[in-house]
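What follows is a single structure, written as structure tokens, with notes after it.
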Amino acid sequence: PIPEMTWSPIPPFQGKIYADMAAEVLDKNSIPYYLKMDWISSAFSIEAASLPNQMVRIFVPQEYQEKAIQLTSIISHNNESNS
């Protein structure tokens, strides 16, 4: 059986490209995650670096939240400065 987990968000990303970069970092560090995109992007499979107001959230198990934030902070920082 799959254990019950409490999922916690890390800072959001502006665009799926940046979220995918963060997801790759989490994969390499064996941190489980899931991505949540806004409805328009997910419904129409839009993948751009920065559609206006497109936010992608990444959720990780609560016990990994601090480490995930540390690992993805460089991407979050670059992502914010490009907005």
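By the side chain to side chain donor-acceptor pair (under 3.5 Å) test, Asn29 pairs with no residue at all, sequence neighbours left out. Remark: Pro61 pairs with Met5, Trp7, Pro32, Glu63, Tyr64 by the side chain to side chain contact (heavy atoms under 4.5 Å, CB included) rule, at least two apart or across chains. For the salt bridge (charged side-chain N to carboxylate O under 4.0 Å, His left out) test, residues two or more places apart in sequence or in another chain that qualify with Glu24 are Lys28. Phe59 is linked by a ring pair (Phe, Tyr, Trp, His ring centres under 6.0 Å) to Tyr34, counting only residues two or more places apart in sequence or in another chain.
When all heavy atoms are compared, the tightest approach of Ala22 to Ile58 is CB-CD1, 3.8 Å. The nearest pair of heavy atoms linking Leu35 to Ala19 is CD2-CB, 4.0 Å.
Rounding to the nearest 0.5 angstrom, the gap separating the OG atom in Ser30 from the NZ atom in Lys67 is 8.0 Å.
Under the 3.5 Å distance criterion, the side-chain polar atoms of Gln65 are left unmatched by any main-chain donor or acceptor of Ile10.
Counting only heavy atoms from C-beta outward, the side chains of Val56 and Tyr18 never approach each other to under 4.5 Å. Side chains of Val60 and Ile69 form no contact here, defined as non-hydrogen atoms less than 4.5 Å apart. By the 4.5 Å heavy-atom criterion applied to side chains, Ile31 and Leu71 are counted as neighbours.
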